Amino acid sequence: MKKDILSLTFQELSDEVSALGFPKYRSAQIFRWLHKSGVRSFSEMTDLPLAAREQMDYNFVIFSCAIEKKLISAYDSTVKYLFRLHDGEFVESVVMKYKYGYTICVSSQVGCRMGCSFCASTLNGVVRNLYASEILSQLYAAENDLGVRISHIVLMGMGEPLDNYDNVLRFLQLVTDEKGKQVGMRHISLSTCGIVPKIYDLMEKDLQLTLSVSLHAPNDALRSAMMPVNKKWGVAALIDACRAYTERTSRRISFEYALVKGKNDFPECARQLAVLLKGMLCHINLIPVNEVAETGCKRSTPENVKKFADILAEKGYAVTVRRELGADINAACGQLRRSAEQMQPSENPKKTEVSSEVRISN
Ligand code: SAH
């Protein structure tokens, strides 16, 4: 079995390269080719002697993502990729352009087993975890295809990152390595549905990334109805973990709250949320739910979104309403899937309702 070279840290790669009898400087060369240039084969490593390239090819494989399909939004230039992995499985990634540069939303698993009632990614369960290399190669493939540098990463695609903890941490180590792609840890967001023990584990790492927590409901009855994970780790345990996390890392947590019409968008929910998060270093991101045919969830009206935001803002919270990007190509939060047949442009493209990220309060 060839080894997955893109998942090796620089130290591990150096050990492997030394074991093959190569001079020491080769490891930095190879690491650069892999992580700075994003090459897909050893034959592209032109400053390596031919015999060395062949030897590498004999021992290692470079996992890469093949572009199976690509959709570009007519509204906002958001690009959605359906990538084919080496074993024929598919994942989706989305590249968005903001004022400050490009952001990629990457997947961390093929499918998802969390079962959130409003999300498309979980409809067929999970197939497998992605290796660190496969998370990285979504970024490398998109950069090479678009010819741009992507400066920001959100782990908010398909899958639950903390359900694939070791590979995700390895990904974070690799993508921020100064000898490689060197994305700033502060430019990375990791979103979780609330795997409480892993939030504590992550806290111990004291990373400078932004932790996003998909809260979506202010009490157990509502949250368990929307997110099965809540039956295992309830709201109180989750919020305890979040408070500990912000206190230890001094990093603000971003709470995601998808507003579903007639479900969790009542003023009373906003008031409960304000009590729940009292005194915490946080930011609240409201997402008018993106409609997914199979889930039956309807998005809150703009009036209800505003009312909800206003209640939180009045209590002094920093609240934003997330701008919907890629609405015409089903590239928005919770719309990512793993099959080619379903990767169709939206049948009912709707205009973006909130035209920019609105900072309602600070
Ligand atoms: N599993 C992780 C990351 C993936 S989802 C998590 O749960 O956080 C990224 C974000 O999109 C999460 O906040 C998720 O709850 C949200 N989301 C899922 N489906 C959505 C939908 N239909 N509309 C809006 N947001 C959705």
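Small disclaimer: the values here were computed from a predicted structure and weren't measured. Side chains are part of it too, since the values below use all heavy atoms of this structure and drop only hydrogens, waters and symmetry mates. Along the sequence shown, the residues carry numbers beginning at 1. In listed order, ligands and their atoms are each counted from 1.
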Atoms in ligand 1 flagged as close to Ser214, the criterion being non-hydrogen separation under 4.0 Å: 6 (C), 7 (O), 8 (O), 12 (C), 13 (O), 14 (C), 15 (O)
Under 3.5 Å side-chain donor-acceptor pair for Asp177 and Gln182: no
CA sep, side-chain torsions, deciding dist, call: Gln335, Asn290, side-chain hydrogen bond (donor to acceptor under 3.5 Å, both in side chains): CA-CA 7 Å; Gln335 295 185 315; Asn290 299 306; 5.1 Å; no
Glu256, any N or O under 3.5 Å of ligand 1 N or O: no
Separation of Ser151 OG from Ile104 CD1 (nearest 0.5 Å): 11.5 Å
Any N or O of Val289 closer than 3.5 Å to N or O of ligand 1: no
Cys119: numbered ligand 1 atoms lying under 4.0 Å from its heavy atoms: 18 (C), 19 (N)
Pro288 to ligand 1, any heavy atom closer than 4.0 Å: no
Heavy atom of the protein closest to atom 19 (N) of ligand 1 (residue, atom name, distance): Gly334 CA, 3.0 Å
Atom indices of ligand 1 within 4.0 angstrom of Thr192 heavy atoms, with elements: 6 (C), 7 (O), 8 (O)
Reported CD1-to-CZ distance for the pair Ile135 and Phe171, which is rounded to 0.5 angstrom: 6.0 Å
cation_pi(Lys70, Tyr81) dist<6.0 Å, angle<=45: no
Closest to atom 14 (C) of ligand 1 among His216, Met156, Gln335, Arg322 (heavy-atom distance): His216
Nearest-0.5 Å distance that lies between atom OG1 in Thr249 and atom CG in Leu281: 8.0 Å
Selection from Ser191, Cys297, Gly159 by shortest heavy-atom distance to atom 8 (O) of ligand 1: Ser191
Numbering as shown, the atoms of ligand 1 that approach Asn290 to under 4.0 Å (heavy-atom distance): 21 (C), 22 (N), 23 (N), 24 (C)
Close approach of Met114 to ligand 1, heavy atoms, under 4.0 angstrom: no
Parallel, tilted or perpendicular: ring planes of Tyr257 versus Phe308, cut at 30 and 60 degrees: tilted
Ligand 1-proximal atoms of Ile287, by part, heavy-atom distance under 4.0 Å: side chain
Asn144 side chain to Ala141 backbone, donor-acceptor under 3.5 Å: no
Geometric class of the Phe31/His35 ring pair [parallel <30°, tilted 30-60°, perpendicular >60°]: tilted
Shortest reach to atom 26 (C) of ligand 1 by a heavy atom, considering only Cys193, Pro161, Cys116, Cys333: Cys333
Close approach, Gly157 and ligand 1, non-hydrogen under 4.0 angstrom: yes
